[in-house]
Amino acid sequence: MLLLNKGDLMMGSSMVVGGFFGDEGKGKIVAHLALKDKPSIIARGGVGPNAGHTVEEGKQKHGVRMVPSGFIYEKARLLVGAGVLIDPRVLKYEINEFKVHDRIGIDKRCTLIEEKHILEDKQNKWLSGDIGTTGTGCGPANKDRVMRCARQVKEIEELSAYITDVPLEINDALDDGQNVIIEGTQGFGISLFYGTYPYVTSKDITASQIASDVGIGPTRVDDVIIVFKVFPTRVGEGPFPTEVSSEEAKRMGIAEYGTVTGRPRRIGMWDGHMAKYSAMINGATQIALTGLDKLDTSCYGMTEYDDLSSKIKEFVSKVEQDVGIPITILSTGPNISQTIDLRS
Ligand code: GTP
Ligand code: IMP
Ligand code: MG
């Protein structure tokens, strides 16, 4: 007989998703969770190489676009789900750069980004001008997948050494009681369905879609950790209700630049309404809050909750009240070590 009670199943999957417009610091949070929770698998969902995660460990600063940010934990198997678009050049570069040849697997059904997709993304005025895409070919490649004329990874020889069945690997690991981290990319506000359409990316990127990207059903996700940054940012065009001017952002010391494009990020103030709505659609169970050092520089690098200033503690309470779920991880700087983990 099949087990029907969730409590009877040995499962351990945590998913990390973006709660604002992307670039909330998911890369850092995933890397922290990977080192702390020691998962056997870290699997990446999301759109494709339009994402740029930053991982800082010690004096090293890494930017990853295709390889899961949890690569920093050397014992984990690294998987890229079927929903993720693959640019073979970017992927191969990162496999070499991060020396993950022997532990990375790419789902055989992933869609390939080809040169023509990148050209179209850059040359199409609607995409590059009005929407302000990253120019990485993601939209045109997803369009071809919908038109059923895109090529899949299994059709090319150059990635054959890495090809696998990602859903089988993850579901088997979960059946076996192992820990798995599922990594989302982008953020709620640029979801194709729930974001500020048409100023969005080319796919939904909320938790249900990320689960589908890596091939697990919604009932197999134990925790959804939604990442918010104290000062949300947005890259590209589109509405941003709490935006401040770039002069104001510089004056406040909170200016930021994009990992993939190097473009200045638009900066805004905390948006409790968006955070609540986004947590609802993501089914979030926990919050990771990044950029606390930007709210009060005195807390930069702190690792103990009790040491935080009352200004920060009051803000943390406000965020929990706004969203209605607990904050379990606080980030006090870009480095993995600059983290307060309140999980038991
Ligand atoms: P996407 O998948 O592209 O949405 O990116 P992401 O969510 O992984 O975030 P990304 O790394 O692009 O941007 C976050 C930026 O904030 C990076 O430069 C991080 O190094 C930095 N960062 C993360 N946490 C903190 C923090 O607590 N304080 C400060 N000052 N910077 C942080
Ligand atoms: P595209 O995903 O390249 O088509 O870009 C569409 C919109 O999504 C643009 O506004 C991009 O700046 C934004 N975008 C796509 N990926 C990311 C990301 O990882 N972080 C932040 N913004 C993103
Ligand atoms: Mg980013």
Side-chain angles (χ1 to χ4, degrees), residues 16-32 44-57 61-66 68-69 85 113 117-118 120-122 124 126-128 130-143 183-192 195-203 205 210 226-240 253-263 265-266 288-297 299-302 312 329-340:
V16 175
V17 294
F20 284 140
F21 297 96
D23 306 322
E24 298 89 353
K26 295 177 290 297
K28 173 198 160 154
I29 298 299
V30 168
H32 163 78
R44 183 195 185 289
V47 181
N50 50 351
H53 294 303
T54 317
V55 178
E56 284 190 42
E57 190 192 31
K61 184 172 174 176
H62 310 288
V64 276
R65 293 169 57 194
M66 295 253 62
S69 306
L85 300 163
I113 296 180
H117 297 131
I118 297 173
E120 185 179 348
D121 205 4
K122 288 183 174 159
N124 182 301
W126 169 242
L127 291 178
S128 66
D130 299 56
I131 306 294
T133 66
T134 57
T136 50
C138 290
N142 269 335
K143 180 189 74 175
E183 181 178 329
T185 61
Q186 286 80 36
F188 177 79
I190 56 170
S191 156
L192 180 64
T196 55
Y197 185 85
Y199 302 101
V200 292
T201 189
S202 54
K203 202 171 79 177
I205 34 68
I210 302 291
I226 191 163
V227 187
F228 294 119
K229 63 209 292 193
V230 171
F231 296 105
T233 58
R234 176 160 201 163
V235 193
E237 302 307 313
F240 191 179
I254 56 175
E256 269 186 45
Y257 300 88
T259 312
V260 175
T261 57
R263 292 183 285 183
R265 290 177 177 160
R266 297 160 64 194
L289 188 61
T290 64
L292 283 171
D293 51 303
K294 296 199 170 185
L295 186 65
D296 182 350
T297 51
C299 83
Y300 179 76
M302 281 183 178
I312 297 274
I329 299 173
L330 297 169
S331 175
T332 58
N335 208 282
I336 301 174
S337 62
Q338 296 170 319
T339 307
I340 302 171

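Remember, it's 1-based here, ligands and their atoms both numbered in the order they're listed. Counting from 1, the numbers follow the sequence of the chain as shown.
- The closest heavy-atom contact to atom 8 (O) of ligand 1, among the options H53, Q338, E183, Q186, comes from H53.
- Listed by chain and number, F21, D23, N50, A51, I131, G132, T133, T134, Q186, I190, V200, T201, V235, G236, R263 each place a non-hydrogen atom less than 4.0 angstrom from ligand 2.
- Among the atoms of A51, none of the N or O lies under 3.5 angstrom from an N or O of ligand 1.
- Contact atoms of ligand 1 toward S331: 24 (N), 25 (C), 26 (C), 27 (O) (distance under 4.0 Å to a heavy atom of the residue).
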Inset, instruction - Take R234 and T196, measure what side chain to side chain donor-acceptor pair (under 3.5 Å) needs, and give me the verdict at the end. - result: CA-CA 11 Å; R234 176 160 201 163; T196 55; 3.0 Å; yes
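- Polar contact check, K28 against ligand 1: no nitrogen or oxygen pair lies under 3.5 Å apart.
- Looking at D23, its N, O or S atom nearest to the Mg ion (ligand 3) turns out to be OD1.
- The closest approach between R265 and ligand 1 falls below 4.0 Å for a heavy atom of the residue.
- Checked against a 3.5 angstrom limit, the closest N/O atoms of E256 and ligand 1 fall outside it.
- E183 meets the side-chain hydrogen bond (donor to acceptor under 3.5 Å, both in side chains) test with H53, S69; sequence neighbours excluded.
- Among residues two or more places apart in sequence or in another chain, the side-chain contact (heavy atoms from CB on, under 4.5 Å) test is passed with P140 by H117, E120, D121, L127.
- Distances from the Mg ion (ligand 3) show that G52 has an N/O/S atom below 2.8 Å.
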Inset, instruction - Decide ring-ring contact (aromatic ring centres under 6.0 Å, His included) for F188 and F20; before the verdict, give the C-alpha distance in whole Å, the side-chain angles of both, and the deciding distance to 0.1 Å. - result: CA-CA 5 Å; F188 177 79; F20 284 140; 9.3 Å; no
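- Judged as a salt bridge (Lys or Arg N to Asp or Glu O under 4.0 Å), and not counting sequence neighbours, the contacts of E256 are K229, R265, K294.
- Using a 4.0 Å cut-off between heavy atoms, D23 contacts ligand 1 through both its backbone and its side chain.
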